[in-house]
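We use all heavy atoms of the structure for the numbers below, so side chains are in, but hydrogens, waters and symmetry mates are not.
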Amino acid sequence: MPLKQLKIEHIRNLEQVNLSPLSRINILYGDNGSGKTSVLEAIHFLGLTRSFRSGQFRHLVQEGCDRSLVFAQADPLANGQSKPLGVERHLEGDVRARYAGASLGPADLAELLPIQVINSDTFDLLDGSPGTRRQFLDWGAFHADATFIQYWRGFKRALKQRNSLLKCGKIDPRIRRVWDAEFVHYAEQMTSLRQAYIDQLRPEFEAVLSALLQGVEVRLLFSPGWDQSKGLEPLLEAGFERDLRQGFTSLGPQRADLRFKVGTLNAADRLSRGQKKLVVSAFRLAQGALFHRLSNRACIYLIDDLPSELDERHCRQFCEFLQASANQCFITCVDPGYLSRIWDPETDVALFRVESGTLTHMGAPGDQI
Ligand SMILES: Nc1ncnc2c1ncn2[C@@H]1O[C@H](COP(=O)(O)OP(=O)(O)OP(=O)(O)O)[C@@H](O)[C@H]1O
Ligand SMILES: [Mg+2]
């Protein structure tokens, strides 16, 4: 399990909080506004130096403070050795991440601590924009293949360059050919890794979904962003005049998308709210299962308000899946109720009570009775 102990300083209403010892399944319960989601944000900050709630760091820092810090004893590589991992960020923008005494860049940190969030925003996987779905997809491709990040960066650079040439209006055909060749090279490499990832993920997704939601078949499809039977290079050539008029490149991996289909309909138009939550959760959980299969390492799941939208039976099935997985989970809820009673006795579960920015370790669920 990746995180053994956590210390949080100056994140929202959490002034100085210790979570220790951590378990594989950690249930945080407390009233509205007590600080449950803030703890999840702190863990997200530890892996990605930002919150999942607000793009602006100043909202995350405790009011009146000028920096946030999260420190952990962590075994992210699953080799049985706990080492210090810390992230500190100042309001002026200075970010420092260190693991085992060495500084880390953002990509190294994200690689070290794979985090998956399941909250009300996760519905964006079905209801949101293709850009959001590409982020879900690229999370997986990034963790599945170490070369993905290089192709992704190369492609971003080539796309930016091509678009700025298109905006200029007048392009020397020789220069265009050079940039198009670069664009196509990165686009094809990046897309084949995306495609390979989805091919590996699909059976995992179907297996998790059948455990969480019976009677609904959802097909997961990948759309690469252009018609691959025609080839990207001739399509760029054929669409050049249109791209020039628009001032941007209309085909390529920047238009890739994931589609979730129930029969011929989009899942977003067909499913109930609870069913949608189970589908998006199944996708996220499948990503963690595949990550574990490929790397033998566990993901950290931040599951905000797990019971919301779900009836007790589906909630139990969700927890049974978490129990059987290798993930380390941080689950929030207002009232632990049956959530504290449904785990097998041998599962490593801890309850934390959250009250006005303070946390109390309440032991294992059995200790409460
Ligand atoms: N920058 C900040 N500084 C101090 N307090 C903040 C800051 N931002 C938010 N808060 C407060 O922190 C508290 C905890 O918020 P949080 O969202 O973690 O609560 P929660 O326990 O998840 O509640 P809910 O059950 O309603 O989701 C809230 O009272 C909120 O107003
Ligand atoms: Mg909350």
Side-chain angles (χ1 to χ4, degrees), residues 1-30 34-55 57 59-62 67-78 82-89 95-99 104 106 108-122 139 143 281 284-285 287-288 291-292 297-306 322 325-333 348-354 357-361:
M1 127 187 138
L3 301 178
K4 312 284 182 194
Q5 283 176 30
L6 263 181
K7 186 171 136 192
I8 302 167
E9 282 182 23
H10 307 307
I11 291 208
R12 299 208 189 260
N13 70 338
L14 309 172
E15 187 177 354
Q16 195 167 70
V17 160
N18 287 300
L19 280 85
S20 172
L22 291 172
S23 291
R24 195 172 71 74
I25 310 275
N26 302 276
I27 300 173
L28 308 155
Y29 68 94
S34 55
K36 304 178 297 295
T37 305
S38 305
V39 175
L40 303 191
E41 284 183 289
I43 298 168
H44 194 269
F45 173 79
L46 180 67
L48 293 147
T49 75
R50 59 180 162 77
S51 165
F52 52 81
R53 248 202 298 199
S54 160
F57 176 61
H59 296 308
L60 189 71
V61 186
Q62 187 170 34
R67 51 149 216 155
S68 294
L69 171 83
V70 180
F71 178 83
Q73 281 297 334
D75 177 19
L77 303 175
S82 272
K83 291 184 179 161
L85 170 67
V87 173
E88 183 179 24
R89 183 163 173 179
V95 187
R96 285 201 312 160
R98 291 179 78 77
Y99 175 61
L104 292 180
D108 297 329
L109 184 63
E111 209 278 319
L112 191 69
L113 211 62
I115 291 179
Q116 289 271 4
V117 180
I118 298 178
N119 64 359
S120 52
D121 293 343
T122 315
W139 182 96
H143 284 288
S281 301
R284 287 253 181 217
L285 293 168
Q287 289 196 292
F291 175 77
H292 184 251
R297 292 167 54 202
C299 270
I300 296 172
Y301 276 79
L302 308 177
I303 308 177
D304 205 9
D305 205 357
L306 187 147
L322 296 177
S325 76
N327 308 313
Q328 186 174 29
C329 305
F330 294 83
I331 299 169
T332 74
C333 54
D348 177 25
V349 183
L351 288 165
F352 290 88
R353 183 183 178 140
V354 189
T358 63
L359 268 84
T360 312
H361 185 265

Angle between ring planes, Phe45 versus Phe57, binned at 30° and 60°: parallel, tilted or perpendicular? parallel
Nearest 0.5 Å, please: how far is CD1 in Ile11 from CZ in Arg67? 10.5 Å
Check whether any side-chain heavy atom of Val117 lies under 4.5 Å from a side-chain heavy atom of Leu40, and answer yes or no. no
Using the side-chain contact (heavy atoms from CB on, under 4.5 Å) rule, take Leu322 and Ile331 through it: C-alpha gap first, then chi angles, then the decisive distance, then the call. CA-CA 10 Å; Leu322 296 177; Ile331 299 169; 3.8 Å; yes
Nearest 0.5 Å, what's the NE2-CD distance between His44 and Gln116? 9.5 Å
Hey, could you give me the CD/CD distance between Gln5 and Gln73, rounded to the nearest 0.5 Å? 5.5 Å
Which pair of heavy atoms, one from Arg297 and one from Pro76, lies closest together, and at what distance? NE-O, 3.0 Å
Answer yes or no: is there a side-chain heavy-atom contact under 4.5 Å between Ser23 and Val349? no
Would a 4.5 Å heavy-atom cut-off, applied to side chains only, mark Tyr301 and Ile25 as touching? no
Does a side-chain heavy-atom distance below 4.5 Å link His361 with Pro21? yes
Search all heavy atoms of Ser51 against all heavy atoms of Leu60 and return the closest pair with its distance. CB-CD1, 3.8 Å
Identify the two heavy atoms, one from Leu46 and one from Ala72, that lie closest to each other, and give their separation to 0.1 Å. CD2-CB, 3.7 Å
Interatomic distance, Ile43 atom CD1 to Ile115 atom CD1 [nearest 0.5 angstrom]: 7.5 Å
In Å, rounded to the nearest 0.5 Å, how long is the span from CD of Gln328 to CG of Leu3? 4.5 Å
Any side-chain heavy-atom pair from Val61 and Ser68 closer than 4.5 angstrom? yes
So, Asp75 and Ser82: side-chain donor and acceptor under 3.5 Å apart, yes or no? no
Any idea which heavy atoms bring Ala74 and Tyr99 closest together, and the distance? O-OH, 4.1 Å
Would you give me the side-chain donor-acceptor pairs under 3.5 Å for residues 13-20, sequence neighbours excluded?
from  : atom 1 : to    : atom 2 : distance (Å)
Asn13 : ND2    : Ser34 : O      : 3.0
Gln16 : NE2    : Glu9  : OE2    : 3.0

side-chain contact (heavy atoms from CB on, under 4.5 Å) assessment of Leu302 paired with Val39: CA-CA 9 Å; Leu302 308 177; Val39 175; over 6 Å; no
Which residues pass the salt bridge (Lys or Arg N to Asp or Glu O under 4.0 Å) test with Arg50, sequence neighbours left out? none
Could you walk me through whether Leu6 and Val70 pass the side-chain contact (heavy atoms from CB on, under 4.5 Å) test, one step at a time? CA-CA 7 Å; Leu6 263 181; Val70 180; 3.8 Å; yes
Please determine whether the number of non-hydrogen atoms from other residues, nucleotides or ligands lying under 6.0 Å from atom CZ of Arg53 exceeds 12. yes
For the pair Arg89 (side chain) and Leu69 (backbone), establish whether a donor and an acceptor sit closer than 3.5 Å, ignoring hydrogens and angles. no
Asp348 (side chain) donor-acceptor with Arg24 (main chain) under 3.5 angstrom: yes
If you round to the nearest 0.5 Å, how far is CZ of Arg98 from CG of Leu109? 13.0 Å
Show, in sequence, the C-alpha distance, side-chain angles and deciding distance for Phe352 and Leu22, and conclude whether the side-chain contact (heavy atoms from CB on, under 4.5 Å) test is met. CA-CA 10 Å; Phe352 290 88; Leu22 291 172; 4.1 Å; yes
Side-chain contact test, heavy atoms from C-beta onward, threshold under 4.5 Å: evaluate it for Leu112 versus Leu85 and give yes or no. yes
